[in-house]
Amino acid sequence: MGSSEEKVVAVIIVGGPTKGTRFRPVSFNTPKPLFPLAGQPMVHHPISACKRIPNLAQVFLIGFYEEREFALYVSSISNELRVPMRYLKEDKPHGSAGALYYFRDLIMEDDPSHIFLLNCDVCCSFPLPAMLDAHRSYGGMGTLLVIKVSAESANQFGELVADPVTKELLHYTEKPETFVSDLINCGVYVFTPEIFSAIQDVSTHREDRTNLQRVFSFDSLHSVTRTVPADFVRLDQDILSPLAGKRKLYTYETMDFWEQIKTPGMSLKCSALYLAQFRLTSPNLLASGDGTRSPTVIGDVYVHPSAKIHPTAKIGPDVSISANVRIAAGVRILNCIILDDVEIKENAVAMHAIVGWKSSLGKWSRVQAKGDYNAKLGITILGESVTVEDEVVVINSIVLPNKTLNVSVQDEIIL
Ligand code: GDD
């Protein structure tokens with residue numbers, strides 16, 4: 001156990017507009033970290049998990065989105081959770097470790113004994129206090145949250161080998177081409193401030209190498225300037241791989257749920273996972289209703305207080321309904337994210353779909369998919385301001401913003 005004086009800070013890396021391209025079309029007008037899962041912005045889930053860390057002094061969000069995109073959210077969530085919080089904007093991407101290093105003086109302002117680093121695009125129960133206890137007992141520089149996944153899917157992540165007894169990280173390879181292990185990096189870490197020296201070592205070596213090559217060969221100058229700059233440091237390849245097996249890094253395995261959120265399909269799956277978690281953590285956020293004065297609610301459903309739903313509608317399971325949505329009589333919605341200001345008219349059906357901001361579904365229309373989260377057209381996505389006219393059926397399709405559909409479509413991307 002640490003002393004009660006020791007402060008902890010948390011850093012959530014949120015990337016920027018040039019990242020998250022697989023998240024289109026729903027990231028066209030909202031930064032991916034603010035896209036709602038279970039009715040709350042994606043980044044809200046790790047932030048509220050940070051609130052459970054003892055002696056939490058401050059939370060930093062680091063990204064290269066414009067400050068104004070996060071200002072409103074950061075001030076409101078900071079007030080709501082009563083945690084000091086700041087958005088720090090990089091002038092350019094510095095990589096996952098470089099981003100942390102770039103703001104080292106601000107991060108160390110409160111003289112924290114530990115620093116959590118969280119990827120914004122992972123969905124899990126964030127067992128941060130348990131990780132911190134484990135980290136203190138190992139006595140290393142850093143502890144990674146890890147999980148076992150299927151051998152077929154492991155190569156999408158950092159694969160690693162850990163000592164079964166000491167839990168030391170023995171070997172680490174980022175997204176290897178040949179199978180190494182089904183134990184993978186979850187993108188959630190806790191470090192001592194020694195991490196800053198480790199990052200500095202990487203950039204210093206890179207600078208030295210660059211200078212050396214400049215001295216020996218003028219020709220190499222061109223290729224050197226095209227390689228990774230000294231201030232771009234990736235946590236996985238540049239820190240975890242070389243420090244594995246050096247008694248610096250340890251692992252903490254979660255037996256709970258964990259997913260990565262790279263595509264809209266996965267956002268729908270993760271929205272459902274967070275709704276299920278609300279049963280344990282925030283049951284007050286889940287809707288209830290039996291079809292008398294409020295609509296029939298089945299399973300886990302979030303409804304924003306400003307949404308208006310007719311009592312004859314049937315909603316759920318796994319549905320999240322955002323602000324100012326209007327849902328008419330006889331509507332059926334199942335496994336969907338319905339975004340702000342959507343209108344769904346009488347007897348329309350939406351299943352396995354994301355319905356974009358200000359879109360409208362006409363009477364007796366159907367917007368549906370097979371609900372395969374990993375397939376390209378496994379869920380149907382309507383971008384912002386899409387109109388589906390009365391009786392039109394949209395199956396396994398992606399519709400870009402501002403389109404009007406007056407004929408039915410299936411397995412199509414409507415540009
Ligand atoms: N601020 C900032 N600046 N954030 C960044 C930058 C940067 O330059 N580069 C990446 N990020 C953020 C992304 O927004 C994301 O939240 C996180 O860092 C990781 O993104 P990537 O570097 O693209 O890696 P990845 O998601 O493909 O894989 C990483 O995470 C997996 C877990 O989700 C790796 O660490 C894998 O090993 C790991 O399994």
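All heavy atoms count here, side chains included; hydrogens, waters and symmetry mates do not. Counting convention: from 1, in listed order, for ligands and their atoms alike.
Proximity of Q260 to ligand 1, defined as any heavy-atom pair under 4.0 Å, is confined to the side chain (atoms from C-beta onward). Counting heavy atoms under 4.0 Å from ligand 1, residue W258 touches it through the side chain alone.
Here is the list of ligand 1 atoms found below 4.0 Å of a heavy atom in I62: 1 (N). Close approach of ligand 1 to V14 is summarised as follows: ligand atoms under 4.0 Å from at least one heavy atom of the residue are 14 (O). Atoms of ligand 1 found under 4.0 Å from any heavy atom of P93 (numbered from 1 in listed order, with element): 8 (O). The atoms of ligand 1 that sit less than 4.0 Å from any heavy atom of G63 are 1 (N). In summary, the atoms of ligand 1 found under 4.0 Å from a heavy atom of Y172, numbered by their order in the structure, are 37 (O).
The protein non-hydrogen atom at the shortest distance from atom 15 (C) of ligand 1 is D121 OD1, 3.6 Å. Counting only heavy atoms of the protein, atom 37 (O) of ligand 1 lies nearest to E174 OE1, 2.7 Å. When hydrogens are left out, the protein atom nearest atom 12 (C) of ligand 1 is I13 CD1, 3.8 Å; that is the closest non-hydrogen contact. Closest protein heavy atom to atom 35 (O) of ligand 1: D236 OD2, 2.8 Å. Of the protein's heavy atoms, E90 OE2, 2.9 Å lies nearest to atom 3 (N) of ligand 1. Given atom 39 (O) of ligand 1, the protein heavy atom at minimum distance is N185 O, 2.6 Å. Looking from atom 29 (C) of ligand 1 to the surrounding protein, the closest heavy atom is N119 ND2, 3.8 Å. The protein heavy atom nearest to atom 13 (C) of ligand 1 is K19 CE, 4.0 Å.
Residue contacts with ligand 1: I184 is excluded, as none of its non-hydrogen atoms falls under 4.0 Å. The closest approach between any non-hydrogen atom of Y189 and ligand 1 is below 4.0 Å. Residue contacts with ligand 1: Y65 is excluded, as none of its non-hydrogen atoms falls under 4.0 Å.
Shown here for S241 and Y172, the closest heavy-atom pair between the two residues is OG-O, 3.1 Å. The minimum heavy-atom distance between K89 and E67, with the atom names listed, is CD-N, 4.1 Å. Across all their heavy atoms, C270 and L37 have their closest contact at CB-CD1, 4.3 Å.
Counting heavy atoms from C-beta on, the side chains of R332 and I315 never come closer than 4.5 Å. A 4.5 Å side-chain heavy-atom check between F23 and I261 finds at least one atom pair inside the cut-off. L128 places a side-chain heavy atom less than 4.5 Å from the side chain of V188. Between T192 and H135 the shortest side-chain heavy-atom distance falls below 4.5 Å.
Relative to atom 24 (O) of ligand 1, the option among R234, K32, K89, K175 with the closest non-hydrogen atom is K175. In the candidate list A99, C120, G95, A154, G95 is nearest to atom 6 (C) of ligand 1, counting heavy atoms.
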Begin from the C-alpha positions of E253 and M255 and carry the test side-chain contact (heavy atoms from CB on, under 4.5 Å) through to its verdict. CA-CA 7 Å; E253 186 176 346; M255 301 296 169; 3.5 Å; yes
Would E389 and K345 count as a salt bridge (Lys or Arg N to Asp or Glu O under 4.0 Å) if you check the C-alpha gap in whole Å, the side-chain angles of each, and the deciding distance to 0.1 Å? CA-CA 10 Å; E389 293 197 340; K345 296 184 184 156; over 6 Å; no
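Rounded to the nearest 0.5 Å, atoms CG (L275) and OG (S320) are 6.5 Å apart.
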Scan the side chains in residues 146-165 for donor-acceptor partners under 3.5 Å anywhere in the protein, sequence neighbours excluded, and list what turns up.
residue, atom, partner, partner atom, Å
S150, OG, S153, N, 3.3
S150, OG, S153, OG, 3.0
S153, OG, S150, O, 3.2
E159, OE1, V180, N, 2.7
E159, OE1, S181, N, 2.9
E159, OE2, N155, N, 3.2
D163, OD1, V165, N, 2.7
D163, OD1, T166, N, 3.0

Report all side-chain donor-acceptor pairs from residues 404-415 shorter than 3.5 Å, counting only partners two or more places apart or in another chain.
residue, atom, partner, partner atom, Å
S408, OG, V393, N, 2.9
D411, OD1, N396, ND2, 3.1

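In terms of polar-atom proximity, C186 is not counted as a contact of ligand 1, lacking any N or O under 3.5 Å from an N or O of the ligand. The distance criterion of under 3.5 Å between nitrogen or oxygen atoms is met by G15 with respect to ligand 1. Between F157 and ligand 1, a contact under 3.5 Å exists for no N or O pair. Ligand 1 has no N or O atom lying under 3.5 Å from any N or O atom of G187, backbone or side chain.
The pair D121-K32 meets the salt-bridge criterion, since a charged nitrogen lies less than 4.0 angstrom from a carboxylate oxygen. Contact check on K358 versus D340 returns no salt bridge, with no Lys/Arg side-chain nitrogen under 4.0 Å from an Asp/Glu carboxylate oxygen.
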